[in-house]
Amino acid sequence: MAQAVASPESRPSTGGTGRIKLRWTDIFIGLGVIMLIVGASGMVQRLTQGLAPTNLTSYVPWGLWVGFYDYLIWLEVGSLLVFTTLFYLTGASNLKPIKAYALFTGFTVVLMALIIVLFDLGHPERFWHVLVYPDFSSMIAWMVWLHAAYLVLLTVELALVLFGNGRFENILTILAYLSLPMGLALIIVSGSIFGVIATRPLWNTASLPLMFLISSLAAGSGLLTLLVVLFWPDKRDENYRMIVQRLARLTSILLAGGVFAAGVIGFTMLYKGSGSPIRAEGINLILSGPYAWSFWIVHILLGVLIPLVLMITMPRKPVIVGIAAFLSTVTFVAVTLNVVIPVLVTPDLEGLATAFVDPKLNVNYVPNLMEWLMLAFIFGLGSLIYGLGLRFLPLRSRHEEVNHG
Amino acid sequence: MTDQNEVKQASDVTRRNFLKGLMGGAGAAAAAAAFEVLADNPAVLLAQDDEALPVTGTLALSSAGEGGPIDVLERMRAELSRALQKPVAERRWVMVIDLRKCVGCHACTISCVAENKLPPGVVYRPVLEEEWGTYPNVGRRFVPRPCMQCENPPCVPVCPVGATYTNEEGIVEMNYERCIGCRYCITACPYSARVTDFGFTYNQDMPEAEGLILGQARADDYERAANFEYGKAYPREGRNSPIGNARKCHFCQHRILEGALPACVTTCIGRATLFGDANDPDSLVAEMIARPNVMRLREELGTEPRVYYLT
């Protein structure tokens with residue numbers, strides 16, 4: 001049955017003219033295989049030598065991988081929050097053709113996020129301790145439990161959508177409503193992991209979890225827009241242009257709103273009389289420190305300004321909106337990296353960095369090749385799973401196949 | 001009687017009087033008298049204050065001789081023995097570090113590394129160096145920084161698996177077997193007193209060699225041998241704990257339980273680091289933390305450290 005409702009990605013690769021058509025499933029599988037091969041050495045080093053080959057130190061204990069983990073949470077939860085809200089709460093049933101794609105994308109991203117954070121542990125083989133010996137005074141315990149529950153919920157939802165033949169709509173509706181508070185909690189908790197740390201003034205603000213939520217919705221909305229542009233079954237459909245236009249508007253509002261909120265918070269923190277020079281120092285480090293390029297060029301220019309201009313000026317051109325959504329979605333990782341790293345490279349105590357000289361006792365951190373390679377391996381794995389899913393799973397709904405196929 | 005008189009005389013010679021004597025008009029005569037006394041009783045210089053320590057109770061039975069001025073280590077050992085007689089929950093271990101006496105020799109750091117067999121990249125008690133001012137008005141001080149063993153430790157509630165906790169005596173412990181290595185506690189510690197054991201060894205790049213005392217294999221014998229943190233043996237094998245874990249100072253709890261002072265205390269050449277039971281009103285540390293010149297690091301956070309600094 002699955003083959004009967006095959007997705008457009010699984011159609012023959014040559015058209016009537018004999019020209020080779022590049023399909024998304026091939027791109028994802030090909031990219032996945034390449035990244036797995038390229039990143040294999042990073043994973044081998046991680047498996048055999050633990051965290052030693054990384055550039056992480058005792059004073060900068062979290063880095064590239066934690067930044068990417070949070071980024072992936074933003075994507076997975078944000079895209080599904082936006083989709084579920086639009087589809088179930090606002091009655092945007094015309095989004096149905098993209099439902100399975102949104103769920104499957106979220107599922108793949110959840111898997112990648114969990115694998116990344118698993119290998120960030122000093123003892124990944126003990127991950128189950130959090131399930132068996134949880135201490136719920138810790139935000140990480142909440143996050144692991146919520147994330148595991150979210151993965152289960154998403155898996156069930158996806159399975160019912162793909163293989164339920166439309167028989168479980170009521171259950172799906174309940175699950176979707178359940179995913180809203182669960183997703184919200186997951187995002188808030190992932191922000192609270194940083195927000196509750198009193199010793200890091202730049203993290204320790206009540207606004208941080210809320211900023212995580214706004215950022216997640218903006219990034220997720222961009223991802224959803226991209227999915228519509230990539231996988232909508234019939235691109236000649238006027239419904240398609242209308243949905244792209246509305247999603248572009250929503251993404252623009254969330255992006256602009258997020259930047260505005262972050263700006264207000266940032267300016268408040270920068271105020272000299274605020275009584276927290278360390279907090280101002282942290283903001284300055286983001287704005288003008290060694291990582292400033294990632295904030296100004298990657299996030300603000302490529303992730304906000306260019307997408308905003310493209311989506312506002314050409315909202316009815318799906319390809320342009322797709323490019324804008326891609327830029328916005330991909331570059332959001334600069335935000336999570338700027339949340340995690342600059343705060344940690346500011347030492348707690350004066351003289352700490354020079355008190356005992358050792359490569360693992362310093363406050364300088366730039367991710368090294370091994371860290372990038374391991375990340376490439378996990379993204380390769382995700383890309384391969386995604387490509388295979390596009391090829392073999394009945395992601396395109398039967399309804400759409402009948403009407404538009 | 002003669003001995004007692006000499007002791008009394010020694011007790012009366014304080015550092016302040018000694019220095020006054022050296023610099024004052026009495027000059028040579030005072031210095032000669034002072035040196036004479038010190039030659040007989042060098043422990044006077046080891047006393048904790050400008051006044052020689054009072055000698056009372058069990059302290060009089062110290063190795064310095066009945067009623068004699070004693071090395072503060074002797075006093076602290078006696079107090080430690082006394083504290084160990086008490087129920088566990090009635091002890092409150094604190095450390096006092098006199099910044100005026102610390103000369104920045106790093107002996108405490110090294111003794112801690114040796115005692116706990118700490119690998120490269122793991123240090124429990126670095127000595128921070130601070131400089132301030134502009135020439136000619138400059139200042140410099142050394143700040144040893146063990147774990148503060150906070151009464152409200154920020155590192156404890158953040159642990160997702162309860163692998164770190166405060167024991168009955170107030171020491172923040174690690175359960176290495178439970179710890180998953182998420183390093184959340186490290187980010188939460190306001191004193192950067194926790195580190196990750198990345199699994200390095202000192203001789204990992206050493207060439208292989210034949211012989212009994214040369215080469216990696218022989219050196220490994222020592223390096224792989226177990227340490228005894230928390231009273232358990234932790235041989236350094238494979239990726240086993242404490243490799244991959246967060247690690248921290250524990251006031252040498254394994255030594256304390258055997259009646260020995262923490263390694264950093266016994267090796268401090270200036271007797272700048274003191275240790276004892278703050279619940280014992282007669283203890284040296286209880287006296288010291290009642291002083292007006294006492295401070296604790298980052299008190300504004302409300303962590304209530306059990307490490308006090310005299311400034």
Side-chain angles (χ1 to χ4, degrees), chain A residues 47-54 56-62 66 117 120-145 193-194 196-200 203 340 343-344 347-361 363, chain B residues 106 109 113 120-123 125-132 142-145 154 156-163 165 175-200 204 239-247 297-298 301-303:
Chain A
L47 291 173
T48 55
Q49 298 172 56
L51 296 173
T54 67
L56 294 170
T57 73
S58 282
Y59 301 148
V60 188
W62 292 342
V66 170
V117 83
D120 189 67
L121 297 178
H123 280 282
E125 78 283 2
R126 296 181 188 165
F127 77 93
W128 56 273
H129 284 195
V130 192
L131 302 173
V132 178
Y133 313 113
D135 182 343
F136 287 110
S137 64
S138 169
M139 287 299 123
I140 285 188
W142 278 104
M143 192 194 66
V144 170
W145 274 73
I193 284 176
F194 304 98
V196 298
I197 301 298
T199 187
R200 313 278 179 181
W203 286 350
V340 176
V343 172
L344 293 171
D348 280 325
L349 298 172
E350 191 185 340
L352 186 69
T354 52
F356 196 95
V357 178
D358 187 279
K360 291 296 184 190
L361 292 172
V363 291
Chain B
H106 298 265
T109 310
V113 168
V122 176
V123 62
R125 189 188 160 100
V127 178
L128 281 55
E129 298 186 19
E130 286 181 56
E131 277 185 18
W132 62 90
F142 305 97
V143 184
R145 198 250 37 221
V156 168
V158 300
C159 178
V161 292
Y165 50 89
N175 179 342
Y176 285 147
E177 289 80 9
R178 178 73 64 84
C179 172
I180 60 172
C182 69
R183 309 185 295 288
Y184 197 12
C185 56
I186 297 178
T187 66
C189 176
Y191 309 101
S192 296
R194 286 169 171 262
V195 291
T196 296
D197 188 337
F198 285 93
F200 292 108
Q204 59 195 20
R239 308 294 309 163
N240 292 347
S241 288
I243 294 170
N245 292 129
R247 300 184 67 175
L297 293 181
R298 305 192 72 181
L301 294 173
T303 52

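The shown structure was predicted, so the numbers you read here are calculated from the model rather than taken from an experiment. Chain A is the first sequence line, chain B the second, and so forth, proteins listed ahead of strands; every chain is numbered from 1.
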Under 3.5 Å donor-acceptor, B:R178 side chain and A:H129 backbone: no
Between B:G162, B:C179, B:A163, B:P120, the one whose heavy-atom pairs under 4.5 Å with chain A are most numerous: B:C179
B:T109 side chain to B:R125 backbone, donor-acceptor under 3.5 Å: yes
Residue list, side-chain hydrogen bond (donor to acceptor under 3.5 Å, both in side chains) with A:R200, at least two apart or on another chain: none
Part of A:L51 within contact of chain B (heavy atom distance under 4.5 Å): both
Heavy-atom proximity to chain B below 4.5 Å, by part of A:V196: side chain
Heavy-atom proximity to chain B below 4.5 Å, by part of A:Q49: backbone
Proximity breakdown for B:F200 and chain A, heavy-atom pairs closer than 4.5 Å: side chain
Selection from A:G351, A:S58, A:A355 maximising heavy-atom pairs under 4.5 Å formed with chain B: A:S58
Contacts of type side-chain hydrogen bond (donor to acceptor under 3.5 Å, both in side chains), residue B:R145, not counting sequence neighbours: none
Contacting moiety of B:T303, where chain A heavy atoms sit under 4.5 Å: neither
Backbone of B:P190 reached by a side-chain donor or acceptor of B:R298 within 3.5 Å: yes
4.5 Å side-chain heavy-atom contact, A:V144 and A:F127: no
Donor-acceptor contact below 3.5 Å, side chain B:R183 vs main chain A:D120: yes
Closest non-hydrogen atom pair, B:V161 against B:I180: CG1-CG2, 4.3 Å
Proximity breakdown for B:P154 and chain A, heavy-atom pairs closer than 4.5 Å: neither
Pairwise side-chain contact, B:P160 with B:C182, heavy-atom cut-off 4.5 Å (strictly under): yes
Contacting region of B:Y176 [heavy-atom separation from chain A under 4.5 Å]: backbone
Which atoms of A:L344 approach chain B - backbone, side chain, both or neither, heavy atom under 4.5 Å: side chain
Engaged part of A:D135 at the chain B interface, taking heavy atoms whose separation is under 4.5 Å: both
Contact origin within B:C159 toward chain A - heavy atom pairs under 4.5 Å: backbone
A:F194 and A:V343, any side-chain heavy atoms less than 4.5 Å apart: no
Non-hydrogen side-chain atoms of B:V195 and B:V122 separated by less than 4.5 Å: yes
Atom group of A:W142 that falls short of 4.5 Å from chain B, counting heavy atoms: neither
Among the listed options B:G302, B:C189, B:G199, B:P126, the residue most often paired with chain A at heavy-atom distances under 4.5 Å: B:C189
Under 4.5 Å from any heavy atom of chain A - which part of B:V158: both
Options B:V156, B:I243, B:L297, ranked by heavy-atom pairs under 4.5 Å with chain A, top entry: B:I243
Toward chain B, the part of A:L131 with a non-hydrogen atom under 4.5 Å: neither
Portion of B:L301 that has a non-hydrogen atom of chain A nearer than 4.5 angstrom: side chain
Min side-chain heavy-atom separation B:V123-B:R247 under 4.5 Å: no
Part of A:T57 within contact of chain B (heavy atom distance under 4.5 Å): backbone
